[in-house]
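Notes to accompany the following structure.
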Amino acid sequence: MAGVADTPRAPPPPRPTGVPVFVALPPGALLGDAWVATAPPAAPPASGAQLPDAVADALAAAAAAGAAGVAVDLWWGAVEAAPRAYDWRPAVAVVRAAAAAGLGVQANLCFHSPDAGCGGGGGGAADGGGGVENAEGGTGGKGQSLSAAGAPLPGWVVDASTAAGLWHVDAQGREHTQCLSLAADTVPFLPSFPVKGVSASSGGGGHVGGRSRRHNARGAPLRTALTAAGDALRSFLTALPADVAAVVGRVQLGAGPRGELAYPAHVPPPAGEWAYPGVGSFVCHSPRSVAAAAAAAAAAGVPLSWATPPSVAAAGGPAVRPWGFPAWATRGGAAATPAGRFFLGWYAGALVDHADSLLRAGRVAAHEAGVGDLALVLRLPAIPWWRNTACRAAEATAGLVHLPPMGDGGDGEGGTAVAAADGDGRGGWRWATSLGDGWRRGPVGGGWAADPYAAVAGVAACHGAEVCVAGAADARSRDGPYWTARAGPEALWADVAAAAAGRAVRLGGASTVAWGAPPAGGPAVCGHLAGCGAAACRAVAYGQVVRSFRSVPRAARGAYVVHPPPTAVGGGRDEEEEEAARDALADFVRRMRAL
């Protein structure tokens with residue numbers, strides 16, 4: 001099969017005016033037995049008629065609505081069942097079908113496992129928290145079958161990560177296996193080739209087949225997670241036939257749980273204990289995370305005790321007054337002390353550094369594949385609950401740490417963090433090593449403020465990437481239980497928009513993706529979850545998205561990924577309801593293109 005590195009790419013389709021809208025395919029669209037019958041290995045389907053029904057329906061809905069394209073999830077567990085043994089046949093089939101329909105494609109590389117209770121697609125954004133359990137009682141790993149919600153991490157990755165201790169661990173010692181920990185960026189632990197009869201975990205501590213820590217049984221070097229991500233992207237781009245390669249103009253790189261740049265801090269039972277609107281838990285208790293924090297404290301010349309997270313970040317829930325809001329996040333708590341601020345700065349800085357490394361690996365892989373004009377997308381979670389407090393604790397546990405000026409820490413009414421100004425570096429140490437300017441230099445215990453979205457936008461600007469916020473553009477603080485948790489989805493969207501516009505970074509979005517009852521007791525807001533499929537719900541959701549993007553400077557508007565209601569993709573409704581859903585989606589696309 002010709003690759004993009006061998007044959008000149010066809011010119012990409014013209015960019016639509018306004019805000020381009022991509023319709024998300026179901027998360028398991030490229031999985032399952034349907035492809036066995038419809039996509040023979042030697043002859044991938046070339047038209048939508050040969051695709052599984054769910055894929056063909058979604059492509060038809062997107063084309064009929066006038067959308068710019070479709071977003072498709074490419075799950076690591078499905079495309080790389082063995083090290084560097086890739087299977088892109090279903091992906092190529094969808095790209096061909098999209099090209100035939102005049103649609104573009106956003107490919108979402110999902111380097112995580114789907115969460116329980118998924119209900120949508122688009123970069124794993126359907127995930128609602130928690131892990132997918134297999135028959136053996138674990139999360140991720142061997143023994144899991146592909147499902148409509150997506151594919152778990154490959155078994156060989158789970159084995160290698162378990163042996164190397166590269167999972168996120170919370171204060172209770174629970175391993176969260178939805179995604180690899182940030183330490184996997186720098187630790188070589190993944191084999192480069194399949195090893196017959198030898199588990200990736202054999203030998204312990206990263207040894208494979210008795211070889212050294214940095215080599216597998218064939219003598220090839222072990223790979224870091226970043227190397228594996230770059231290998232997968234490079235392989236995908238070179239596998240695309242030259243005549244349709246330009247159709248894939250955007251790639252979203254999975255950066256964490258649900259494909260988002262965050263720690264898995266909000267994990268509901270049984271894998272965790274979080275319930276909305278709890279603030280979540282710090283997940284930095286693995287030996288590697290503890291060692292990294294200690295090294296940062298030693299380098300900064302501060303006491304080792306500063307490298308520990310604030311005590312008892314309660315997961316909480318509605319039954320815990322006030323919703324498990326922990327002491328560290330209250331006025332005068334740890335977030336207002338030099339020790340607490342040092343830890344929070346390190347915790348957030350490590351996440352931003354991960355984003356920087358991931359985007360760099362993606363950009364290098366794209367250039368090596370001969371695709372220099374590829375648009376990379378970095379996805380951020382929308383965590384609006386407790387947004388209207390100074391500490392913004394729910395965002396902090398996920399790694400999006402806002403540090404209010406010293407003396408204003410905690411749960412002050414309306415006291416929100418502000419963007420940091422440039423510092424002069426006096427004082428000799430830095431909280432974070434990211435390229436973003438949202439983290440200020442300053443002396444130990446300084447009272448400056450910090451803005452994580454400014455830091456992320458700075459990193460995205462360095463790599464020419466677009467930032468996508470999942471689930472904020474269509475949410476309203478006056479809906480459902482948002483107001484009871486001091487939530488501010490509109491303000492959160494404005495925060496990210498200001499950071500992106502200030503750094504000439506495009507801001508995109510993705511719709512909230514819980515159809516019907518949301519997972520983990522999340523906000524069942526009829527105005528933006530549209531689970532009932534009613535016309536009024538769709539009108540409110542689509543209208544809020546248009547208003548959100550209208551508030552973003554035109555030059556900073558990115559793309560929007562919409563998860564259509566079930567009626568738009570054959571959800572069993574009657575013909576009249578389906579027609580109304582299709583009309584609403586088409587009207588929404590028209591309004592977005594008019595912006």
Restricting to salt bridge (charged side-chain N to carboxylate O under 4.0 Å, His left out), what partner residues turn up for [X], sequence neighbours left out?
{"X": "Asp185", "result": "none"}
{"X": "Glu490", "result": "none"}
{"X": "Asp170", "result": "Arg174"}

Expected output: side-chain [X] to main-chain [Y] donor-acceptor under 3.5 Å:
{"X": "His112", "Y": "Leu153", "answer": "no"}
{"X": "Ser289", "Y": "His285", "answer": "no"}
{"X": "Ser551", "Y": "Ser548", "answer": "yes"}

Find out whether [X] and [Y] are in side-chain contact, i.e. whether some heavy atom of one side chain is under 4.5 Å from a heavy atom of the other.
{"X": "Val561", "Y": "Phe22", "result": "yes"}
{"X": "Leu403", "Y": "Leu344", "result": "yes"}
{"X": "His266", "Y": "Ile383", "result": "yes"}
{"X": "Asp231", "Y": "Glu80", "result": "no"}
{"X": "Leu359", "Y": "Arg363", "result": "no"}

Worksheet item: In this structure, which one of Leu507, Val456, Val505, Asp451 forms a side chain to side chain contact (heavy atoms under 4.5 Å, CB included) with Val496?
Response: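 Only match with Val496 under side chain to side chain contact (heavy atoms under 4.5 Å, CB included): Leu507.
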
Item to complete: Have a look at Glu466 and tell me which of Arg379, Arg557, Arg503, Arg250 forms a salt bridge (Lys or Arg N to Asp or Glu O under 4.0 Å) with it.
Response: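 Going through Arg379, Arg557, Arg503, Arg250 one by one, the salt bridge (Lys or Arg N to Asp or Glu O under 4.0 Å) with Glu466 is satisfied by Arg250 alone.
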
Worksheet item: Parallel, tilted or perpendicular: which describes the rings of Trp76 and Phe111, with under 30° parallel and over 60° perpendicular?
Response: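 It falls in the perpendicular class, over 60°.
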
Worksheet item: Where do Trp167 and Ser286 land on the side chain to side chain donor-acceptor pair (under 3.5 Å) test, with the steps shown first?
Response: CA-CA 7 Å; Trp167 300 117; Ser286 69; over 6 Å; no

Fill in: Ring centroid separation Trp493 to Tyr453 under 6.0 Å
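Centroid distance Trp493-Tyr453: not below 6.0 Å, so no.
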
